[in-house]
Engineer: 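Once you've had a glance at the structure underneath, I'll fire off some questions.
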Amino acid sequence: MNISRSSFLRGLFSAFGTCACGGRIFAAPPGWTPPKNPRLVFGAVSDTHLRTSANGKGRGKYWPDKYLVAAFKYFREQNVDAVVNCGDMAHRGQVLEQVFHAAAWRKVFPENRAPDGHVVEKLFVNGNHDVEGSRYGDFVEKAFPDPAERAKHVLSTDMAGNWQRIWGEPYAPVWHKTVKGFHFFGRHFGVDEMELARLIRAKAKECGLQTGKDPLFILSHVRPHSKLNKSLRSFKKAVGFFGHWHQSATNWNNIYFWSSFPSIEIPSCEPRGCSSPGLEKGFAKGTLEGKEGLGKGHQGYVVRVYDDQIVISRREFGEDEGSLGADWIMPLGTYEPHPLSKEELKKRIGEPQFRDGARIVLTEAVTPPPPDRPERPGKPALKVDIPLADANPDTRVFAYDVVVAGAEDGAKLCKSVYAVGGNLAVGHEPNGGVTTLYIPKAQLPKGDALTVAVRPITSLGTAGRPIVCQYDRPGRQSEK
């Protein structure tokens, strides 16, 4: 049974912090659904990294456009008014790769239009791979040995001309577009971010950016730096979106709040599937284990803007397409404290919980070999099988803290492990969501009787109730 209130557990989990409760809402409450009739809807992807095949002749043999097209199709189903792409469209900075990206766009939005005929605005910025990708490795150099010929195939040789030809619109290092009355400002990679600040300030009075009630959106490939944030301190309604880091949307730490406006990272939709959790330090002690069990992510957002709030739906576009968890909600006009600050998010992220009767399963085992060294023999270990903590469906578990306590000297071993399938859509976790942690016996506290406690946690560290069991070597266990 759960004994989280006992003095035993308070001592057992002394290595862990506590969390506050209450405060402003940002996580969607249980049973919540978005209101109807948003004023603006846009899709958001980043780091799609389309590339040509290994011999330079094909367009997508190895890194196809299937996930990007799946994202565009979902955006179309959601009747979006615009699509944001925060860069790294062309993996090796080649013209052909961005042409490939544009072809994927036109498959879904021919002539930049939805099926009902309304225009879907492109809100795209270049990333470092679009601008500098031909310098990464020697692929382009080998494919086009002659420098003059190579220049014809590299986007950055004539970015303005290539952008106009591929996307059918003028290229500007920084730009301003309006969609249904909402203002978007973009900065291509490599452009001084203060140029963007100057453009925003120049448009401020004309567009009512500081006096109006609506948010304005700032797009770039990399996260805005402190210099830009300080320059735009007075623009209280600014919200930034950026990419570059390939970190999973299941990690709430990917909402960054600096000295002025919040910036939200858009995860990767790369064909390889490389949206990483983006959090390597464990909550209990040391490094989070089990990264290989997260699953590959191909992710993005649908953003809906209302009079009083912004709602961000997180989505997986891989084979197991679906929701990545409860929607994120940002109230508008409520900024003291800001609802996106880490302190406020922690108060309302909620607690992941195990289902009633959930049990840890402990068995004698041997550690599996590393993926890159299959020949390496394993070591005797305690295998800990952790059931999925999904009793609170609106708060997704991100990892588990595991504490093993010895009966003889009171020594404790603290570990943390990522929840299996944490990058995949809800309900698509492999093995029924059971997360396995192998603890080498050499690391275990001394004694024949061990107490093992497991607590589910979110990416911000808010924690649910633990489950505990007694382990009597060489293999007997009993639930506490």
Engineer: In chain order, what residues pass the side chain to side chain contact (heavy atoms under 4.5 Å, CB included) check against Glu292, with sequence neighbours excluded?
Structural biologist: none
Engineer: Show, in sequence, the C-alpha distance, side-chain angles and deciding distance for Ile310 and Leu332, and conclude whether the side-chain contact (heavy atoms from CB on, under 4.5 Å) test is met.
Structural biologist: CA-CA 7 Å; Ile310 296 174; Leu332 295 174; 3.9 Å; yes
Engineer: Using side chain to side chain donor-acceptor pair (under 3.5 Å) as the criterion, list what pairs up with Thr436, not counting sequence neighbours.
Structural biologist: Asp385
Engineer: Compare all side-chain heavy atoms of Gln443 with those of Lys415 and state whether any distance is below 4.5 angstrom.
Structural biologist: yes
Engineer: Taking the six-membered ring for Trp, are Tyr136 and His129 closer than 6.0 Å centroid to centroid?
Structural biologist: yes
Engineer: Sort out for me which residue in Val302, Ile264, Asp327 forms a side chain to side chain contact (heavy atoms under 4.5 Å, CB included) with Ile312.
Structural biologist: Ile264
Engineer: Among residues at least two apart in sequence or on other chains, which ones pass side chain to side chain contact (heavy atoms under 4.5 Å, CB included) with Pro368?
Structural biologist: Tyr438
Engineer: Is a side-chain donor or acceptor of Arg198 paired with a backbone partner of Ala202 at a separation under 3.5 angstrom?
Structural biologist: no
Engineer: Is the shortest side-chain heavy-atom distance between His221 and Asp88 below 4.5 Å?
Structural biologist: yes
Engineer: Kindly say whether Arg315 contributes a backbone atom to a donor-acceptor pair with the side chain of Ser323 at under 3.5 angstrom?
Structural biologist: no
Engineer: Should Pro271 and Leu50 count as side-chain neighbours, where that means a heavy-atom distance under 4.5 Å?
Structural biologist: yes
Engineer: Check whether any side-chain heavy atom of Ile360 sits under 4.5 Å from a side-chain heavy atom of Val384, and report yes or no.
Structural biologist: yes
Engineer: Give a yes or no answer on whether the side chain of Gln309 reaches the backbone of Val305 with a donor-acceptor pair at less than 3.5 Å.
Structural biologist: no
Engineer: Below 3.5 Å, can you tabulate the donor-acceptor pairs from side chains in residues 34-48 to any protein atom, sequence neighbours excluded?
Structural biologist:
{"from": "Arg39", "atom 1": "NH1", "to": "Asp214", "atom 2": "OD1", "distance (Å)": "2.7"}
{"from": "Arg39", "atom 1": "NH1", "to": "Asp307", "atom 2": "OD1", "distance (Å)": "3.1"}
{"from": "Arg39", "atom 1": "NH2", "to": "Asp214", "atom 2": "OD2", "distance (Å)": "3.1"}
{"from": "Asp47", "atom 1": "OD1", "to": "His244", "atom 2": "N", "distance (Å)": "2.8"}
{"from": "Asp47", "atom 1": "OD2", "to": "His246", "atom 2": "NE2", "distance (Å)": "3.1"}
{"from": "Thr48", "atom 1": "OG1", "to": "His101", "atom 2": "NE2", "distance (Å)": "3.1"}

Engineer: Give a yes or no on whether the ring-centroid distance for Tyr256 and Trp245 is below 6.0 angstrom.
Structural biologist: no
Engineer: Is any side-chain heavy atom of Ser231 closer than 4.5 Å to a side-chain heavy atom of Met194?
Structural biologist: yes
Engineer: Do NZ/NE/NH1/NH2 and the carboxylate oxygens of Glu270 and Arg51 come within less than 4.0 Å?
Structural biologist: no
Engineer: Passes side-chain contact (heavy atoms from CB on, under 4.5 Å), Leu219 versus Phe242? Steps please.
Structural biologist: CA-CA 6 Å; Leu219 312 177; Phe242 68 98; over 6 Å; no
Engineer: Can you find a pair of side-chain heavy atoms, one from Phe261 and one from Leu216, that are under 4.5 Å apart?
Structural biologist: no
Engineer: When the ring centroid of Phe317 is compared with that of Tyr67, is the distance short of 6.0 Å?
Structural biologist: no
Engineer: Do any N or O atoms from the side chain of Asn392 and from the backbone of Glu351 form a donor-acceptor pair under 3.5 angstrom?
Structural biologist: yes
Engineer: Compute the ring centroids of His188 and Tyr171, then answer whether they are less than 6.0 Å apart.
Structural biologist: yes
Engineer: What do the steps show when you test Ile439 against Leu444 for side-chain contact (heavy atoms from CB on, under 4.5 Å), and what is the final call?
Structural biologist: CA-CA 7 Å; Ile439 304 177; Leu444 293 171; 3.6 Å; yes
Engineer: If we ignore angles and hydrogens, is there a donor and acceptor under 3.5 Å between the side chains of Gln299 and Ser248?
Structural biologist: yes
Engineer: Can you name the side chain to side chain donor-acceptor pair (under 3.5 Å) partners of Lys73, sequence neighbours left out?
Structural biologist: none
Engineer: Is it the case that the side chain of Glu195 and the backbone of Glu193 share a donor-acceptor pair, with hydrogens and angles ignored and the cut-off at 3.5 Å?
Structural biologist: no
Engineer: For Asp130 and Gly127, indicate whether the former's side chain and the latter's backbone hold a donor-acceptor pair under 3.5 Å.
Structural biologist: yes
Engineer: If we ignore hydrogens and angles and just use 3.5 Å, is the side chain of Glu321 paired with the main-chain N or O of Ala425 as donor and acceptor?
Structural biologist: no
Engineer: Please confirm whether the backbone N or O of Gln470 pairs with a side-chain atom of Thr451, one donor and one acceptor, at under 3.5 Å?
Structural biologist: no
Engineer: For Glu169, what residues pass the side chain to side chain contact (heavy atoms under 4.5 Å, CB included) criterion, not counting sequence neighbours?
Structural biologist: Glu121, Lys122, Trp163, Trp167, Lys177
Engineer: Is it possible for you to check whether Arg455 lies under 6.0 Å from the centre of the six-membered ring of Tyr400, through NZ or CZ, and within 45° of that ring's axis?
Structural biologist: no
Engineer: Ring centres under 6.0 Å, that's the criterion: do Phe185 and Phe235 meet it?
Structural biologist: no
Engineer: Is there a donor-acceptor pair closer than 3.5 Å between any side-chain N or O of Glu316 and the backbone N or O of His298?
Structural biologist: yes
Engineer: Please say whether more than 12 non-hydrogen atoms of neighbouring residues, nucleotides or ligands are located less than 6.0 Å from NZ in Lys342.
Structural biologist: yes
Engineer: State, with a plain yes or no, whether a side-chain heavy atom of Asp116 is found less than 4.5 Å away from one of Asn79.
Structural biologist: yes
Engineer: Going by heavy atoms in the side chains, are Leu324 and Val426 under 4.5 Å from each other?
Structural biologist: no
